[in-house]
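Just so you know, these numbers come straight off a predicted model, no measurement behind them.
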Amino acid sequence: MKIICYLIASVLTTAAGFAQQAAQPGIHWSEEQLRAAVGPARVGRKLTPRSWPDNARVAVCISFDVDNESYLLARGETSPTTLSAADFGAETGLPRILESLDRHRIPASFFIPAVSALLHPEMIPAILKSGRNEIGVHGWIHEYLPALSGEAEEERLLHQAIDYLTKATGKRPVGYRAPSWAFSAHTIGLLRKNGFLYDSSLSAMDEPYELMSNGQPTGLTELAIDWTLTETPYLGAEGAMPSPELLFQLYKEEFDGAYDQGTMFVLTLHPHVSGHRAPMHHLDQLLSYIQSKPGVWFATGEQIARYLKDAPRRE
Ligand SMILES: [Zn+2]
């Protein structure tokens with residue numbers, strides 16, 4: 001039996017090895033091709049300011065991607081049971097999150113696929129009620145941008161999303177986060193063309209920076225996110241570490257590092273995942289811990305990006 005298992009494992013390993021070798025076009029790329037491959041989104045000027053408002057040591061942006069059912073519907077999923085687990089985000093998760101934010105009296109940025117808002121129109125007034133929160137764009141239906149037919153389709157969906165959120169909120173959104181955090185080759189150009197103030201989809205630094213594209217400054221401020229600082233790889237249906245305690249310990253240590261460095265902490269959670277009881281308990285504790293530190297500026301992505309426009313930079 002042991003030998004059979006070993007043989008099966010060897011065959012699988014070899015097959016995976018061949019598959020990997022077959023798909024390595026980069027080994028033949030010239031220096032020019034390698035530079036072109038990474039050129040569309042690069043780090044420009046670091047934007048960490050000499051000081052944050054009120055001489056705060058660190059900026060903290062708590063953000064939520066309000067996916068709910070949108071990403072499932074984009075794939076054509078119609079199973080009521082599958083959809084109901086995502087509907088939890090609107091029915092239960094978001095109200096709990098808003099209650100917690102209000103109790104702590106802190107702002108947050110909510111990136112909403114327009115279809116999420118369309119299916120639950122009560123969400124937007126609920127988010128805006130405190131007057132502290134921001135609503136940003138997260139696609140029309142959480143469409144996966146690299147798989148769209150081209151720039152025209154991407155722009156049509158982007159315009160639909162902007163128009164819907166502008167009508168629903170009374171204000172044109174200025175912040176963007178790509179669905180699934182995935183850009184196409186056209187996304188940066190479309191963000192510039194449509195006048196966004198900032199993007200929050202990339203991960204090249206954990207302090208704010210100006211996004212460069214093909215050697216040119218874009219004027220877009222990047223408030224970077226990271227797969228470490230979100231919960232979907234760890235919790236929920238596809239999660240690999242069902243322990244919110246360990247996860248929020250990691251977030252706490254990330255915050256401590258940002259606090260020591262005097263930069264920025266951006267956390268991204270999803271109401272249909274983090275709105276459950278156990279992660280909510282730990283989110284409450286994390287917010288209390290951050291609030292116990294002196295010199296923390298809680299802000300929306302928009303407030304941070306506007307402040308960075310004119311603030312003297314640290315370097
Ligand atoms: Zn999302």
Side-chain angles (χ1 to χ4, degrees), residues 41-64 101 104-111 128 130-138 169 171-178 181 183 187-188 191-226 228-229 251 253-268 286-287 289-315:
R42 298 302 268 176
V43 172
R45 297 179 304 158
K46 291 182 191 176
L47 297 180
T48 296
R50 266 186 236 151
S51 67
W52 292 104
D54 296 327
N55 279 322
R57 290 183 60 144
V58 66
V60 170
C61 179
I62 306 297
S63 75
F64 297 90
L101 293 171
H104 290 277
R105 297 188 158 274
I106 60 174
S109 290
F110 292 80
F111 297 92
L128 295 179
S130 72
R132 286 187 285 265
N133 300 324
E134 172 197 9
I135 288 179
V137 174
H138 196 45
T169 64
K171 175 179 179 289
R172 188 181 168 97
V174 299
Y176 183 81
R177 181 170 289 155
W181 304 0
F183 278 1
T187 309
I188 294 173
L191 297 185
R192 296 179 71 184
K193 187 174 163 189
N194 286 277
F196 281 91
L197 171 68
Y198 76 96
D199 172 68
S200 184
S201 314
L202 298 163
S203 309
M205 296 194 87
D206 51 17
E207 62 179 298
Y209 62 90
E210 181 174 11
L211 179 56
M212 295 276 285
S213 191
N214 298 317
Q216 300 296 319
T218 62
L220 280 165
T221 295
E222 181 62 39
L223 303 180
I225 48 175
D226 192 82
T228 310
L229 284 165
Y251 298 160
E253 289 173 18
E254 283 284 329
F255 165 76
D256 287 339
Y259 189 79
D260 288 344
Q261 293 158 5
T263 55
M264 181 182 69
F265 174 77
V266 180
L267 182 67
T268 301
L286 177 70
L287 296 178
Y289 171 74
I290 296 175
Q291 277 190 314
S292 75
K293 297 284 213 177
V296 174
W297 183 42
F298 282 97
T300 64
E302 177 176 3
Q303 288 167 332
I304 293 174
R306 288 206 190 283
Y307 179 75
L308 294 176
K309 278 276 168 213
D310 303 316
R313 296 184 299 121
R314 190 189 278 178
E315 58 169 77

[atom2] on [Y] to [atom1] on [X], rounded to 0.5 Å:
X      : Y      : atom1 : atom2 : result
Ile188 : Leu220 : CD1   : CG    : 8.0 Å
Gln261 : Asp206 : CD    : CG    : 6.0 Å
Arg172 : Phe196 : CZ    : CZ    : 6.5 Å
Arg105 : Leu287 : CZ    : CG    : 14.5 Å
Asp226 : Met205 : CG    : CE    : 12.5 Å
Leu47  : Glu222 : CG    : CD    : 10.0 Å

Task: Pro173 vs Ile135 side-chain heavy atoms within contact, under 4.5 Å - done: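 Counting from C-beta outward, Pro173 and Ile135 never come under 4.5 Å.
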
Task: Validation row: Trp52, Leu308 side chains within 4.5 angstrom (heavy atoms) - done: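 With C-beta onward as the side chain, the pair touches.
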
TODO: Give the ring-plane orientation class for Phe64 versus Phe110, where under 30° counts as parallel, over 60° as perpendicular and anything between as tilted.
DONE: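 Phe64 and Phe110: parallel rings.
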
- [ ] Just say parallel, tilted or perpendicular for the rings of Tyr176 and Phe183, cut-offs at 30° and 60°.
- [x]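 It falls in the tilted class, 30° to 60°.
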
Please answer whether the main-chain N or O of [Y] pairs with a side-chain N or O of [X] as donor and acceptor at a distance below 3.5 Å.
X      : Y      : result
Asn133 : Leu128 : no
Ser203 : Ile225 : yes
Ser201 : Ala178 : yes
Glu254 : Leu229 : no
Arg57  : Tyr259 : yes
Thr218 : Leu211 : yes

- [ ] Give a yes or no on this: more than 12 heavy atoms of other residues, nucleotides or ligands lie within 6.0 Å of atom CG of Asn55.
- [x]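 Not buried by this count: 12 neighbours or fewer within 6.0 Å.
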
For [X] against [Y], the heavy-atom pair lying closest together:
X      : Y      : value
Tyr289 : Ser292 : O-OG, 2.6 Å
Glu302 : Leu197 : O-CD2, 4.0 Å
Ala305 : Tyr198 : CB-CB, 3.7 Å
Leu202 : Tyr209 : CB-OH, 3.6 Å
Gly175 : Phe111 : C-CE2, 4.1 Å
Thr300 : Arg132 : CG2-O, 3.4 Å

Open item on the list: Here's a test for you: under side chain to side chain donor-acceptor pair (under 3.5 Å), which of Ser109, Ser63, Ser200 qualifies with Thr268?
Closed with: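 With Thr268 as partner, Ser109, Ser63, Ser200 yield a single side chain to side chain donor-acceptor pair (under 3.5 Å), made by Ser63.
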
TODO: Begin with the C-alpha distance, continue with both residues' side-chain angles, and end with the deciding distance and a verdict on salt bridge (Lys or Arg N to Asp or Glu O under 4.0 Å) for Arg313 and Glu210.
DONE: CA-CA 12 Å; Arg313 296 184 299 121; Glu210 181 174 11; over 6 Å; no

TODO: May I have the step-by-step check of side-chain contact (heavy atoms from CB on, under 4.5 Å) for Arg314 and Lys46, ending in yes or no?
DONE: CA-CA 8 Å; Arg314 190 189 278 178; Lys46 291 182 191 176; over 6 Å; no

TODO: Would you please test Phe255 and Val60 for side-chain contact (heavy atoms from CB on, under 4.5 Å) and show each step?
DONE: CA-CA 8 Å; Phe255 165 76; Val60 170; 3.8 Å; yes

TODO: Go through the steps for Gln291 and Phe298 under the test side-chain contact (heavy atoms from CB on, under 4.5 Å), then give the verdict.
DONE: CA-CA 9 Å; Gln291 277 190 314; Phe298 282 97; 3.6 Å; yes

